[in-house]
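Just so it is clear: chains get the letters A, B, ... in the order the sequence lines come, proteins before strands, and each one is counted from 1. Only heavy atoms go into these numbers, but all of them, side chains included; no hydrogens, no water, no symmetry mates. Note that this is a predicted model, so its numbers are computed, not measured.
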Amino acid sequence: MAVETVRKPYVRQRSAWWWTKNPRYVLFQFRELSSVFVVLYAFLVLWQLWALRGGSDAYYAFLVMWYSRPMMALNAVILAFAILHSVTWFALTAKVPLFRIKGRPPPAALVIGASLAIWVALSLLIVKLLYGGF
Amino acid sequence: MADRGTKMIKLRISRYRPERSGEPFDQEFTIPYRDDMVVLDALNYIKDHIDPTLTYRWSCRMGICGSCGANVDGTPKLTCALYLRDLKKRPVLIEPLANFAVLKDLVVDIEPFMEKLEAAKPYIIRKDERPIERGEYRQTPEELELYRQQSLCINCMLCYSACPVYGHDEKFLGPAASALALRYELDSRDQGSEERLAAVATEHGIWQCTFVGECSVVCPKHVDPAGAIQQLKALAATRLMKAMLLPLAPR
Amino acid sequence: MERLAYDIVIVGGGAAGLRAAIAAAETSRSLRIAIVSKVYPMRSHTVSAEGGTAAVLRDYDSFDGHGFDTVKGSDFLADQDAVEFFVRRAPPEVIQMEHWGCPWSRDPDGRIAVRAFGGMTVKRTVFAADKVGFHMLHTLFQTSLKYENIERLDEWFVTQILAEGGKAVGVAALELRSGTLHAIAAKAVVIATGGAGRVYEFTTNGAIKTGDGMALALRAAAPLKDMEFLQFHPTCLPGTGILITEAARGEGGYLINNKGERFLKKYVPEKMELGPRDILSRSILQEIREGRGFQGPYGQYVGLDLRHLGEDVINKKLPMVRELAEEYAGVDPVHEPIPVRPGQHYIMGGVHTDVRGSTGVPGLFAAGEAACVSINGANRLGSNSLSECLVFGGEAGRSAAAYAISQPAVGSNPISGLVKAEEARIFDGLLKREGGENLAEVRSDMQHTMEENVGIYRNGDSLEKALAHVRELRRRYERVGVRDKDPFFNTELTTTLELDFMLDLAEAIANAALLRRESRGAHSRTDYPKRDDANFLHHSMAFRTATGLRFDKLPVKITKWQPAARVY
């Protein structure tokens, strides 16, 4: 007669390594991770300012540490993550069309290319201001 | 069934039989292979000739009804639009769409999406309704083009299956519902932006999206839900800024 | 068992069902309406309609023009009062869809655009690229979410219309995700379950189109009308049967044989590719029989050539055609003709209704492909069916609402009693059945025999054969066993129930075809090749009786267009 059935939907547990299954997930995880390094760099700059306030000896000690191999390595890692973060961020800008050409959003490659070009130009300008010449 | 000499193909299908066991299990099937077979053909072959208890959804078999999504070799796909010849791995692994609870075999519970879709207010909202006798609202082909892409969503749920954010937070509005919200936001006939944006720009709404972008990769209709969410964020942010800077200005 | 009660139950969530639900919801906010559908509404087969929706919107057009084209297309079997009603109601429905957000394609000035279509003498087919059904369905579905008095019972499979004292008082429905049979009380029931293409082997129709509502209505004492008239669409992909829209020809595509000739000049010189579907399908078959088809792995076919349209037009107006041809035929229509052959597409027949959607059984209404008003007669014109879903879906919704308001509440006791026998039939009978017959084999035998014997051409012998075979299959069906014994989400059980429905319809189709000893529209009898107005200018009505089907005649209503030779 009346058949009553209660069936439990099965909820699958996601493995902690889910992001390793797809290269785009890996890239995403690294981008998320990049924010940690960006924050870390901010702390390093604060440390630098703090050292500067401590006078020339303190700052000299800081610089010795700064140019040590481990710190150079850390900076290289930070730079890599910063570039990853920036490039993926610029890739995203194309998703929000601020203007349209003949009713169509501008091609993504153009937006991303232009953004990257401006970014590189500004970076070079800063380098030039700081160090002069090339 | 198969003549000798017929090419065969092996599939491994994830089964869940709640009446029998609390856990899903894999089952392998070997079936005759044709070069023009899609994954759905293989499922239908199994159901018709080997195991009628195999349970999955399908209907149009032409990539428009959105019923037949499954994870094939780990990637969300419409099984009616995926040729076996394009799959490299053997056996072919067929699992229910990820991030949804499994009801039976390949059938998943999409009720959470139905709720989110409704929450996104996917319909024209008008302050003033023009009488039918006065004809249509004019809309140029360019105005139509603004929202055409987002209007192509077939609600197949592949994007939810691909979205790690949804996998992490089941309350997340998610890609398809957001894309459909944008579809109406960008429609020149709509006047409901205020309430719709308020409905989607929430804690579990569009702000949850961290732009993995995989939803747009798997979308079979090129709706680009990831892009849609970023556009919604821009719209919501602009609205918020205007409200802060020009508190008395009409929005 | 649980008991649910609504004012109106709508069976089916496609264009007709959703339109009916919204119309009823707008009639009165106090009406409680349920859409009961075996699939989520956005999966309904309306989604696969491609070409367009006919409506008189332009100054150059007229109601009489649309009306006459429709009547002529129907080979004068359409009821002309219904056609006149239909053509007048179609334009406001198209505008209403526009107001609800349907992304109709536009002219540069912002007006709704129109395109040419087969059998229509002027451009009057409104479209949304070539995904018209998809856009209409999603617009209707999303709009329906606005109405608080529309509830949905998604993935509920209706097994029976409950009737008492000759009135429909609800439905019995299997809730898939609980495996429970529910009695749903309703003052009015609307059937909007679409067509029955899956009775055939080679069809454009999706898996869900098993004619459930027609069989349900027949069992609830409502007659089926004109079941012998099946439409075979001229252009389907060989192998899968996937539809390539008529819009491809509306936009200027050619049909070519293996000599590269536009062979239609021999058959419909005036209309060429824009001739009506019945004539085009026969012409293609003729061309193939005379050895001018192409040979492919799935038999002979002809070519649908769009190359001269250019990539831009194809992308803008026929994107889905390109998508489907590339995906499912491995052919890019920009560079190659698409292989096509005729396939079952639509059924002109269905549950008999008047223009208000009433079936004659109090409380029972029908609309859309499941119904037969009839505006389509012996052959439907392309792009009239979506308009039909809107016009008569809306009409049925309002009629059901008016009827429900006039009725006292349905008591719970009779309903619970009525569904007991149904529970026993399904759970004790069907679900527990062990048998030697295989569901899929019986189904494919049915599809094959219908394809062979009740196809584009039929004759007395083939129809007798089909009828006898279908009756034999009915006996075999009784021995079909169900292996999945768990009632929860049991798609083996529901496909078995669908086969049960389809066998009823196959018999009605073959039987009606046998009785119509003439050729009219899509019904081509090789033994009676001429139209015979003296004896057959009438609808055929099929009633279910204890001893089998009983057939009757219903005169065709003629208002202003006298039957004349149908020449294109």
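- Using a 4.0 Å cut-off between a side-chain N of Lys or Arg and a carboxylate O of Asp or Glu, C/Asp486 and B/Arg20 do not qualify as a salt bridge.
- One distance of note links CG of B/Asp48 with CG of C/Asn438; it measures 7.5 Å at 0.5 Å rounding.
- Once rounded to the nearest 0.5 Å, the distance linking CD1 of C/Ile242 with CD1 of B/Ile64 reads 11.5 Å.
- Closest approach of C/Phe134 to B/Cys153, counting heavy atoms only: CZ-O, 3.3 Å.
- Atom NZ of C/Lys146 has more than 12 heavy atoms from other residues, nucleotides or ligands within 6.0 Å.
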Verdict with supporting geometry, C/Tyr328 and B/Arg61, side-chain contact (heavy atoms from CB on, under 4.5 Å): CA-CA 10 Å; C/Tyr328 294 100; B/Arg61 51 80 177 95; over 6 Å; no

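- Side-chain atoms of B/Glu136 never come within 3.5 Å of backbone atoms of C/Arg111 as a donor-acceptor pair (strictly under, hydrogens ignored).
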Check against side-chain contact (heavy atoms from CB on, under 4.5 Å), B/Trp58 and C/Thr491: CA-CA 11 Å; B/Trp58 74 290; C/Thr491 55; over 6 Å; no

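- When all heavy atoms are compared, the tightest approach of C/Ser48 to B/Cys60 is OG-CB, 3.6 Å.
- Salt-bridge check for C/Glu98 with B/Arg189: passed, with a basic side-chain N closer than 4.0 Å to an acidic carboxylate O.
- Judged purely by atom type and a 3.5 angstrom limit, B/Tyr83 uses its side chain to pair as donor or acceptor with the backbone of C/Glu327.
- Heavy atoms closer than 4.5 Å to chain C are found nowhere in B/Pro220, neither backbone nor side chain.
- When every heavy atom of B/Asn155 is checked against every heavy atom of C/Met42, the shortest pair comes out as ND2-CG, 3.7 Å.
- Note: B/Met62 CE to C/Ile244 CD1 = 7.5 Å, rounded to the nearest 0.5 Å.
- No more than 12 heavy atoms of other residues, nucleotides or ligands shown are found within 6.0 angstrom of CG on C/Asp312.
- Around the CD atom of B/Glu129, the shell of radius 6.0 Å holds more than 12 heavy atoms that belong to other residues, nucleotides or ligands.
- Under the 4.0 Å criterion applied to side-chain N and carboxylate O atoms, B/Lys47 and C/Asp484 are not assigned as salt-bridge partners.
- Proximity to chain B involves both the backbone and the side chain of C/Asp109, based on heavy atoms less than 4.5 angstrom apart.
- Only the side chain of B/Leu180 has a heavy atom closer than 4.5 Å to any heavy atom of chain C.
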Given salt bridge (charged side-chain N to carboxylate O under 4.0 Å, His left out), test B/Lys221 with C/Glu323 step by step and report yes or no. CA-CA 10 Å; B/Lys221 299 292 147 182; C/Glu323 225 174 273; 2.8 Å; yes

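- Contact of C/Met320 with chain B is made through the side chain alone, with heavy-atom distances under 4.5 Å.
- For C/Lys131, the part lying near chain B is the side chain, with the backbone staying farther off; criterion is any non-hydrogen pair under 4.5 Å.
- Closest approach of B/Pro122 to C/Leu145, counting heavy atoms only: CG-CD1, 3.8 Å.
- With a 4.5 Å cut-off on non-hydrogen atoms, B/Glu143 does not touch chain C at all.
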Does the side-chain contact (heavy atoms from CB on, under 4.5 Å) test come out yes or no for B/Arg57 and C/Arg43, once each step is laid out? CA-CA 10 Å; B/Arg57 294 186 179 108; C/Arg43 315 298 187 214; 5.9 Å; no

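- Distance check, rounded to the nearest 0.5 Å: CG of B/Leu54 to CZ of C/Arg483 gives 11.0 Å.
- Remark: the backbone N or O of C/Phe488 is paired with a side-chain donor or acceptor of B/Lys104 at under 3.5 angstrom.
- For chain C, no part of B/Arg148 is nearby; none of its heavy atoms comes within less than 4.5 Å.
- Taking a 6.0 Å sphere around CD of C/Glu326, one finds it holds more than 12 heavy atoms contributed by other residues, nucleotides or ligands.
- The OG1 atom of C/Thr240 sits 9.0 Å away from atom CG of B/Asp41, with the distance rounded to the nearest 0.5 Å.
- Of the two parts of B/Arg126, neither the backbone nor the side chain holds a non-hydrogen atom closer than 4.5 Å to a non-hydrogen atom of chain C.
- At a 4.5 Å heavy-atom cutoff, the contact between B/Arg34 and chain C is made by side-chain atoms alone.
- Listed here is the closest heavy atom pair of C/His135 and B/Ser151: CE1-OG, 3.3 Å.
- Heavy-atom distances place no part of C/Leu439 under 4.5 Å from chain B, backbone and side chain included.
- Of all non-hydrogen atoms in B/Ile132 and C/Gln96, the two that sit nearest each other are CD1-OE1, 3.4 Å.
- Taken from CG in B/Leu103 to CG in C/Leu176, the straight-line distance is 10.0 Å, to the nearest 0.5 Å.
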For side-chain contact (heavy atoms from CB on, under 4.5 Å), just list the numbers for B/Ile124 and C/Trp100, CA-CA rounded to whole Å, side-chain angles, deciding distance to a tenth of an Å, and then say yes or no. CA-CA 6 Å; B/Ile124 297 278; C/Trp100 284 333; 5.8 Å; no

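- Looking at C/Glu50, only its side chain comes within 4.5 Å of chain B, counting heavy atoms on both sides.
- Contact of the C/Phe141 side chain with the B/Leu117 side chain is registered, since non-hydrogen atoms from C-beta on lie closer than 4.5 Å.
- Both the backbone and the side chain of C/Phe489 come within less than 4.5 Å of a heavy atom of chain B.
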Before you tell me yes or no, could you show the steps for C/Arg177 and B/Asp109 under salt bridge (charged side-chain N to carboxylate O under 4.0 Å, His left out), namely the whole-Å CA-CA distance, both residues' side-chain angles and the distance that decides it to 0.1 Å? CA-CA 9 Å; C/Arg177 56 179 298 163; B/Asp109 181 11; 2.7 Å; yes

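- Atom CG of C/Asp59 has 12 or fewer neighbouring heavy atoms from other residues, nucleotides or ligands inside a 6.0 Å radius.
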